[in-house]
*Asks:* 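Got a structure for you, questions after.
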Amino acid sequence: MSKKLIELKNISKSFGSNLVIDELDLYIRENEFVTLLGPSGCGKTTLLRIIGGFEKPDIGQVFFDGCDITKLPPNQRQVNTVFQKYALFTHMTVAENIAFGLRIKKKDDDYIKEKIRYALDLVNLPGFENRMPDSLSGGQQQRIAIARAIVNEPKVLLLDEPLGALDLKLRQEMQYELIRLKNELGITFIYVTHDQEEALTMSDTIVVMNQGYIQQIGTPEDIYNEPENAFVADFIGESNIIDGIMVRDRLVRIGGKDFECVDEGFEENENVDVVIRPEDVELGSVEGGYITGEVVSIIFKGVHYEIQVKSDIGITFMVQTTQNFPVGSHVGINVIPDNFQIMHKPQSEDEEIMNKDEAVKDEHES
Amino acid sequence: MNRKRTRFLSTPYILWIVGFTVIPLLFVFAKAFTDQSGTFTFGNVTAIFDSVHRKALLLSVELAFISSLICILISYPAALIIKASGVSNKKTIMFIMILPMWMNFILRILAIQMLISSNGIINHFLTVLGISPMSIINTPVAIVIGMVYDYLPYMLLPVLNCVLAIPEDIIEASKDLGANRFHVLTKILLPLSLSGIGSGITMVFVPSMTEFVIANILGGGKIQLLGNIIEQEFSVSMNWNLGSGLSVTLMIFVLLTTVIFGRTTSESDRGFVI
């Protein structure tokens, strides 16, 4: 395992009476692609700005390579940032933009020239030296912003929703570009986004945040397949989140019906949240189904259909399948034991906050 | 869109411009290039090279330049401070700063006269404090004070607008790339505010250069700016031809400065000035 490069200890930050980050601890290893993922207002951007030096935490410390950099201003930190709106210097050419940091460090002209060429090659925009930022497309501007940051050879690159303003196609292209860049440069990327797909595609590690708390840290596979709570399950992809009772190890009761699962270590008859991913609900003939249901709606989504099935145990499942089941048809429903994800009901303060968030969301929806 | 109709709508403005700008200008030019008997001459225009007129023109340029410079030196830091201040309603601050403009400018100049004249309020206080009184009234300094006081809002407004429009993330990006406060000022803030400073200079320099009322009141009639000479040619000497000739020269100077500063403005918009 590579060493810890950045360590955040007991960080709290509030703006006015609004507590944005609450006693947060986090470390980031060398050469990791870490994504801070969460809904807007979860504190992810503030956390990034604390690492970049643009905000001072109210309490807590930031360590970089073992040194306390909490009070160090941004211009003295070995990190560079790629901003959401590119923040290119509109009064300078592309080359002058890229050279900005190097000129301040008083590098010689040959070195700077070589670096500009190298950086433009790296972001696939060779020959753009004398263009003005205004004459570039959004995607090109973002590449220049990345080039401008990496010529300074930072140990860490901070990216604040850098693809947020781009269209879908370009965003997907840039995701691959960023992965390639990260591998070529061999530096740490800390990436902030609210887009779970972006996070799953690019990250080595995902930090899911909500309301200033870290909800879960793990690999994309961990986060997707083994969400630790209903918030994570709901935020990462779509899910059926159902109330259940853990009858005993490996047996969960949903809507009065017992299902086999693989989870253990719960108390007998404990109330739990059960998460089933829509693609894990299998539909088939009525005879072959463990339970049955009726198709309520079906929407074509391109790769798959999204189907709502009202089951005879009173629960409506969201299902994603490539098969077409007409509205009103009766189907059998199966879920294999591996695909039940059982979670404790929220008890701790962190998780209660998550529920508050849910409540707010419900209000908005109603 | 019906072009005839839109053209018709512009008629009042065209009439206004022709009646109150073009025709009077033609009169001025006609007077400028003729002598009092009506024969054609360059004499009124070349009269600028007479030593009295040349001195007045140079003093006008000098005072206008100094006033513009002082206005920049006051406005720019003020704009930066307002930008940096956490005040959410920056328009209110702007409003307060231009509030003096609501008062008649001659009244304001008379107020300045009351403050700085030999028996004025400031000297009164200095005497009370046992400090020897200053004599700045009737000097070029007094005129500069008047000009700065009068024209400061015309510098402050464009500069402030320009500085406030600089996005915060560009400043943060420069810091992120290693810029200290000095770099941020010289490489980011100043280049990006050139257009505001440019239009501010035009709005302060031009009226300062053609000024004569402030010079009359605060200069005590002893200090002759080109504006004063022109005014006297029209009102005292009744030599309208010479007055018009000098006006045309002054106009050319004003035009030149506008072109120079106008170029800075448009260039900084395109981003060529660093």
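Below, read A as the first sequence line, B as the second, and so on, with proteins coming before strands; counting in each chain starts at 1.
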*Asks:* Check each of A:N75, A:L102, A:N152 against B:L177 using the side-chain contact (heavy atoms from CB on, under 4.5 Å) test, and report the only one that passes.
*Replies:*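 Considering A:N75, A:L102, A:N152, a side-chain contact (heavy atoms from CB on, under 4.5 Å) with B:L177 is found only for A:N152.
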
*Asks:* Using a cut-off of 6.0 Å, state whether more than 12 heavy atoms not belonging to B:F182 lie near its atom CZ.
*Replies:*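 Check fails, neighbour count at 12 or below.
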
*Asks:* When you look at NZ of B:K83, are more than 12 heavy atoms from neighbouring residues, nucleotides or ligands closer to it than 6.0 Å?
*Replies:*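 Atom NZ in B:K83 is crowded, with more than 12 foreign heavy atoms closer than 6.0 Å.
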
*Asks:* In this structure, are over 12 heavy atoms from other groups packed under 6.0 Å from A:F63 atom CZ?
*Replies:*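 Count over threshold, so yes.
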
*Asks:* Does some side-chain heavy atom of A:F100 sit less than 4.5 Å from a side-chain heavy atom of B:I188?
*Replies:*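 Sidechains of A:F100 and B:I188: in contact.
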
*Asks:* What distance do A:F89 atom CZ and B:L192 atom CG have between them, rounded to the nearest 0.5 Å?
*Replies:*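 Spacing of CZ (A:F89) from CG (B:L192) equals 9.0 Å.
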
*Asks:* So for atom OH, which belongs to A:Y176, do other residues, nucleotides or ligands contribute more than 12 heavy atoms lying within a distance under 6.0 Å?
*Replies:*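 Check fails, neighbour count at 12 or below.
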
*Asks:* Considering all heavy atoms of both residues, which atom of A:F83 and which atom of B:E172 are nearest to each other, and what is their separation?
*Replies:*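 Smallest interatomic distance, heavy atoms only, reads CE2-OE1, 3.7 Å.
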
*Asks:* Are there more than 12 heavy atoms of other residues, nucleotides or ligands under 6.0 Å from atom CZ of B:F105?
*Replies:*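 Atom CZ in B:F105 is packed in, count exceeds 12.
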
*Asks:* Below 4.5 Å from any heavy atom of chain B, which atoms of A:R148 appear? Answer side chain, backbone, both or neither.
*Replies:*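 Interface part for A:R148: both.
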
*Asks:* Taking the side chain as C-beta and beyond, is there a heavy-atom pair between B:N180 and A:I104 under 4.5 Å?
*Replies:*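 No; the side chains remain at least 4.5 Å from each other.
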
*Asks:* Look up atom NE2 in A:H91 and atom NZ in B:K187, then write down how far apart they are to the nearest 0.5 Å.
*Replies:*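 Answer for the NE2-NZ pair, A:H91 versus B:K187, is 9.0 Å.
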
*Asks:* Is the number of heavy atoms from other residues, nucleotides or ligands within 6.0 Å of NZ (A:K56) greater than 12?
*Replies:*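 Count over threshold, so yes.
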
*Asks:* Name the region of A:L88, side chain, backbone, both or neither, that has any atom closer than 4.5 Å to a heavy atom of chain B.
*Replies:*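 Interface part for A:L88: backbone (N, CA, C, O).
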
